[in-house]
Amino acid sequence: MPELPEVETVARLIAPDLLGRRVEGFEIPWARTVGERSPAQFARLLEGRRCVVVDRRAKYLLLGFAAGRESESSAWLVVHLRMTGRLVVEPRSGAASPHRRFSLLLSAGPRRPLAMPAPGPWRGVAAKRAPVASQPASAKVRLDFIDPRKFGRCLATEDPTEVLPALGPEPLGEDFKAESFFAALRARSRQLKPLLLDQSFVAGLGNIYVDESLYRARLHPEMPSDRVSRPKAFALFGAIRTVLTEAIEREGSSFDSFYRTPTGQPGSYQHQFQVYGRQDQPCRACGTTIRRTVVGQRGTHFCPRCQKPARG
DNA sequence: AGCTACTCCTGGTAGC
DNA sequence: TGCTACCAGGAGTAGC
């Protein structure tokens, strides 16, 4: 499922195919994908504008569009992939997926590629490989939002803050500090698993990376957050950042039919999973059988020996 | 504040 | 084989 590393990968890889292209139209095969917006509102907000920003905040992709020759975004397409959403850039006349829910029709690209704008302060990790355009700049293209389960959303807005919910700190950002993370854990008394999944507490983690982070920090998913010791809180802080960084370096996690990069490639972080999806298999550290339970309505994977429920 | 349940959806799979 | 039933999952919302 697309979490922070997958969305980050999509942003990086899709940027060279979007930057500098102009919106010439759109198609909305599944209306609920675009929320309340009518085609007329889309036209007013986006048509004729040029893509100048491709960024990410939490699990949201932010595509910024500028009017005329300006370089400041005055309209945004805010995309959430949820479970099964994908963004793909296709030749304009190429065949569309039966699960296509929304498309932007884009002009040919600029003669000289638009420089990637300075990444948002929440990026945190440098790209390992330089993203390359998949389509020639001379071709008109189509940005397809493909989403079999229809959970994803593409929202057009003049101001992203008006469609984004309250979001906690970016775990790879500069303002995410171990000391304040410890204080924040102390200030609540929720089970770690649902707390870390709460996007207003820390932004961008989902089911996979929460399980992997808790395992790495040797913390039980049901432990109340205010019982986590200072050293353990620091360990969890480091675990979250390490897991996310390594996942970005491997371009995210893919399994079953879930999640592909914009070029259709799977990520490879699934090969690094220590607990997620490894129920009934031995813990790589101690050999104990990994267990799967349900915590807060979410499938939860942990090692009962490494992750003791006692005070951490 | 924090919990539980429900909703949105469909592809995949387990069970018969 | 063909059918039904159920489930995963993020996030928003409602009710307690």
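Atoms considered below: every heavy atom in the structure, side chains included; atoms not considered: hydrogens, waters and symmetry mates. Letters A, B, ... are given to chains in the order of the sequence lines, protein chains preceding strands, and every chain is numbered from 1. All values reported here derive from a predicted model rather than from experimental measurement.
You'll find that the side chain of A:S189 is closest to B:dG2, out of B:dT10, B:dG2, C:dG9. Ranking C:dG9, B:dC8, C:dA11 by closeness to the A:R32 side chain, first place goes to B:dC8. Checking C:dG12, B:dG2, B:dG11 against the side-chain heavy atoms of A:Y60 singles out C:dG12 as nearest.
Straight-line distance from the CG atom of A:D147 to the C1' atom of C:dA8: 14 Å, rounded to whole Å. Per the geometry, CG belonging to A:L197 stands 8 Å off P belonging to C:dA11, to the nearest Å. When rounded to the nearest whole Å, the span between CG of A:N207 and P of C:dA11 equals 11 Å. With rounding to whole Å, A:R82 atom CZ is found 8 Å from B:dC8 atom C1'. The interatomic distance linking A:D211 (CG) with C:dG9 (P) rounds to 9 Å, in whole Å. Remark: P of C:dA11 and CZ of A:F201 are 16 Å apart, rounded to the nearest angstrom. With rounding to whole Å, A:M83 atom CE is found 7 Å from C:dG9 atom P. Atom CD of A:E222 is separated from atom C1' of B:dG2 by 15 Å (rounded to the nearest Å).
Between A:R216 and A:E212 there is no salt bridge, since no side-chain N of the basic residue sits under 4.0 Å from a carboxylate O of the acidic one.
For A:F151 and C:dG10, the ring-to-base geometry satisfies the stacking test (centroid distance below 5.5 Å, interplanar angle below 30°).
Between A:Y276 and C:dG9, a side-chain N or O to OP1/OP2 separation shorter than 4.0 Å is present. Side-chain nitrogen and oxygen atoms of A:K59 include none within less than 4.0 Å of the OP1 or OP2 phosphate oxygen of C:dG10. Contact annotation: A:Q199 reaches the phosphate of C:dA11 (side-chain N/O to OP1 or OP2, under 4.0 Å). Residue A:H99 places no side-chain N or O under 4.0 Å from the OP1 or OP2 atom of B:dT10.
Side chain A:R298 to base C:dA8: no donor-acceptor pair is found below 3.5 Å.
Residues A:F302 and A:Y215 fail the side-chain proximity criterion, which asks for heavy atoms closer than 4.5 Å.
A:D159 and A:T157 share no side-chain donor-acceptor pair at under 3.5 Å.
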Assess whether salt bridge (Lys or Arg N to Asp or Glu O under 4.0 Å) is satisfied between A:R100 and A:E90, documenting all intermediate values.
CA-CA 12 Å; A:R100 181 176 65 119; A:E90 303 271 15; over 6 Å; no

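If you check every strand for non-hydrogen atoms under 4.0 Å, A:R292 touches sugar and phosphate atoms only. Across all strands shown, A:P165 has heavy atoms under 4.0 Å from sugar-phosphate atoms exclusively, and none from any base. As judged by a 4.0 angstrom heavy-atom cut-off over every strand, A:R190 is placed among residues touching the sugar-phosphate backbone only.
Side chain of A:D226 to main chain of A:S189: no donor-acceptor pair is present (N/O by atom type, distance under 3.5 Å, no hydrogens or angles). Between the A:Q199 side chain and the A:L197 main chain, a donor and an acceptor come within less than 3.5 Å of each other.
Under the 6.0 Å cut-off for aromatic ring centres, A:Y276 and A:F273 qualify, their centroids lying closer than that.
Between A:F26 and A:F42, the ring planes are tilted. Angles from 30° to 60° get that label.
Residue whose closest nucleotide on DNA chain B sits further toward the 5' end, between A:R188 and A:Q297: A:R188.
Axis angle between the ends of the helix from B:dG2-C:dC16 to B:dC16-C:dG2, five pairs each and rounded to 10 degrees, works out to 50°.
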